[in-house]
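Below: one structure, written as structure tokens.
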Amino acid sequence: MAHAKLIVIWGANPAVTNVHQMKYLYEAKRNGAKLIVIDPIFTRTAEKADLYIQIKPGTDLWLAYGVAKLLIKRGNYAESFIRKQTFGWEEYKHFIETKIELEDVSKRTGAPLEAIELLADAYETTKPAVTWSGLGIQRNKHGSGSIGAITSIAIITGNLGIPSGGLYFMHFDVEHFPLHLYNHKGPAHPSIHTSREIDMSNYPKSALALKDPPLKFLWIASRNIITQDQDLKGWKQLFDRLELIVTVDLYLTKTAEESDLVLPAATHFEEDDLHVSYWHYWLSINQKAIPPYWEAKSDLQIARELTRKLNELSPGFSNFPYEKEPLDWIKAELTPDIMRQYSLTSYEDLLAGPHVKEIDSAQQFQTKFWLNPFEESGGLTELEEYAPEKQQLGVYTLLTPQSLLKIHSQYEMLPWLNQEESDNMIEISTKAAEELEIANYTKMEVFNETGSIVGTAKINPSLPNNVVVAAQAGSNPINKLITHCHSQESSTFFYDSTVKIRKWRDGRV
């Protein structure tokens, strides 16, 4: 990214959520690169941009189609790359030419025609160009369509496969690990049915529906349900029905407080492991620096000791190889293929420092890309039904971005990071504040059919009129207000949640 000439950040705020990458963004800007930020919120990253385009939440797909419309109309697209590396070009081109109108795009997104043209001009005239698609784009019903439409811009402009260009999203090679733990096959028990899968995006409803036998015992690790999951009413029903709840965690979280047993987890300072990133291509070994504190144990160690005891009580209960030490698992992960990719001869090579994966550019584009217009996955009729401009009067889209100093509920137990005066700040537009007579830094309530929260109003003059912003981290869980989930894609559409707001007086509305 440091050597790109154009950086388009689409629905991400790295100045808050990816601070370590900002170094390279600044380096690119010093070298003359142009930075464009597209976001419903005027973020800290947007403050650094040469061009900021504010759009309505959930309309990223329309903006990407508008840019494609201009590029195709002008004939400025990488035809040779498209012919060689894509499927569906003619269908995509026909869709853009016949179904997309710039005036309609401007109306739906709220972006002026001039802004759409400037974005298209930048993509058309500047290479190499980086397109950074943020996780915020996916947090609505048509997020996957938006990611596809934005990806198509990088494809048709020929910015894939060129040095310092391309797409930034995540490094999918994290899925290569762990190979052996993940693929371990448990024993076959004649008295037990085959393993059942539960949809994580709608867990309580799915778990409550299990029969023959019903779910009675829940083991929770690396998760704080009470402050992070949606459908808290469903979770309460499930918790009330379960006979045993065990939570493994570093802290006594709100979920741990609801559990029957809490097992203290070891930190990464207290165990050996491998590390691979979702953002870069380095593999490193994590060496134990100190012994586990008091009774804390790693998840692996807990599984080993529990398996040993269960097999004593019921011989043959589990075939998990509890005798294996962490180093045995680490060595097993370093298969010949992984060793080749990371230029390793043995795990000892990692003791000298991390190793980077060799990227074979010739292998990168063996698979062709699919230029798939939205019409293929639901049609424009469905998309038109999801139209922010049709939102009811007095109803606001709830956006819940990350906080700078707190990640989800990670630091909810630290008082100095959760002070009353700064916590639970809720941002509203100037227009909303005037209409509801809500003054700056006064108490207000945000509510919908799933719950309500009370916070301190902060009037944000740059915020769109129909948007309310409340950071995810805080002592008053924002997940009380999450109303939408979608089981097919195992995703929660936080940004499809809508709320109403009202001022708060002496504990009464």
Side-chain angles (χ1 to χ4, degrees), residues 6-13 34-74 76 95-97 99-126 129-134 136-143 145-154 156-157 373-374 380 383-391 396-397 399 401 427 429-432 460-469 495-496:
L6 171 66
I7 301 172
V8 182
I9 300 182
W10 211 307
N13 184 18
K34 185 175 184 180
L35 173 63
I36 299 176
V37 174
I38 302 159
D39 204 298
I41 306 171
F42 186 62
T43 62
R44 295 194 182 190
T45 307
E47 293 174 4
K48 318 295 183 187
D50 300 289
L51 172 64
Y52 166 59
I53 303 176
Q54 186 173 56
I55 62 172
K56 298 174 183 176
T59 62
D60 308 86
L61 182 146
W62 285 103
L63 181 58
Y65 282 161
V67 172
K69 176 81 172 183
L70 285 169
L71 294 173
I72 291 173
K73 183 179 179 181
R74 298 169 183 174
N76 288 314
F95 170 82
I96 294 295
E97 290 176 331
K99 301 290 187 179
I100 302 301
E101 298 296 335
L102 289 178
E103 292 76 12
D104 192 34
V105 169
S106 179
K107 176 185 175 184
R108 291 177 184 278
T109 63
L113 285 172
E114 181 186 5
I116 302 170
E117 290 172 352
L118 286 171
L119 181 57
D121 291 344
Y123 268 117
E124 181 183 335
T125 60
T126 315
V130 158
T131 300
W132 183 343
S133 298
I137 294 172
Q138 298 178 75
R139 303 181 78 187
N140 63 71
K141 185 177 180 181
H142 296 300
S146 294
I147 292 292
I150 294 166
T151 300
S152 296
I153 299 298
I156 67 175
T157 55
F374 190 87
L380 282 176
L383 186 57
E384 286 168 356
E385 290 174 358
Y386 181 73
E389 69 271 12
K390 296 180 180 179
Q391 199 163 292
Y396 301 84
T397 298
L399 301 185
E427 296 184 44
S429 68
T430 302
K431 182 178 179 182
N460 183 343
S462 67
L463 201 64
N465 294 331
N466 63 335
V467 170
V468 170
V469 176
Y495 288 176
D496 283 356

Return all side-chain donor-acceptor pairs below 3.5 angstrom for residues 110-122, not counting sequence neighbours, or 'none' if the list is empty.
unit_1 : atom_1 : unit_2 : atom_2 : d
D121   : OD1    : R74    : NH1    : 2.7
D121   : OD1    : R74    : NH2    : 3.2

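The distance from atom CG of L51 to atom CD1 of I53, rounded to the nearest 0.5 Å, is 4.5 Å. Within the model, atoms OG of S462 and CD of E47 stand 9.0 Å from one another, a figure rounded to the nearest 0.5 Å. For the atom pair CG (D60) and CD (Q138), the distance works out to 11.0 Å, reported to the nearest 0.5 Å. We find the CD1-NZ distance between I7 and K34 to be 12.5 Å, quoted to the nearest 0.5 Å. Interatomic distance, CG of L70 versus OH of Y65, reported as 15.5 Å (0.5 Å rounding).
Residues passing the side-chain contact (heavy atoms from CB on, under 4.5 Å) test with A46 are V37, F42, T43, Y52, sequence neighbours excluded. Scored by the ring pair (Phe, Tyr, Trp, His ring centres under 6.0 Å) test, W132 finds W279 as partners (sequence neighbours excluded).
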Q: Go through V469 and N460 one step at a time and tell me if the side chain to side chain contact (heavy atoms under 4.5 Å, CB included) criterion holds.
A: CA-CA 10 Å; V469 176; N460 183 343; over 6 Å; no
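Counting heavy atoms from C-beta outward, I55 and W62 have side chains that stay 4.5 Å or more apart. Put simply, the side chain of V467 reaches to within 4.5 Å of the side chain of P57, judged on heavy atoms.
The side chain to side chain donor-acceptor pair (under 3.5 Å) with Y123 is formed by just one residue from the set T157, N76, T131; it is T131.
Contact between I9 and A12 at its shortest, heavy atoms only, is CG2-O, 3.4 Å. Between L399 and P40, the shortest heavy-atom contact is CD1-CB, 4.2 Å. Annotation for R108 and T59: closest pair O-CG2, 3.3 Å, computed over non-hydrogen atoms. Across all their heavy atoms, P401 and I41 have their closest contact at CG-CD1, 4.5 Å. Minimum heavy-atom separation, I137 to S146: CG2-CB, 3.5 Å. Of all the heavy atoms in I150 and A64, the pair that sits closest is N-CB, 3.9 Å.
A side-chain donor-acceptor contact under 3.5 Å links S429 to the backbone of A432. A distance-only check finds a donor-acceptor pair linking the side chain of T151 to the backbone of I147 [under 3.5 Å]. Distance alone, capped at 3.5 Å, is enough to place a donor-acceptor pair between the D496 side chain and the K141 backbone. When atom types are taken as modelled, the side chain of K56 and the backbone of K107 share a donor-acceptor pair closer than 3.5 angstrom. A donor-acceptor pair under 3.5 Å is formed between the side chain of N13 and the backbone N or O of T45. With K69 contributing its side chain and E97 its backbone, the two residues share a donor-acceptor pair below 3.5 Å.
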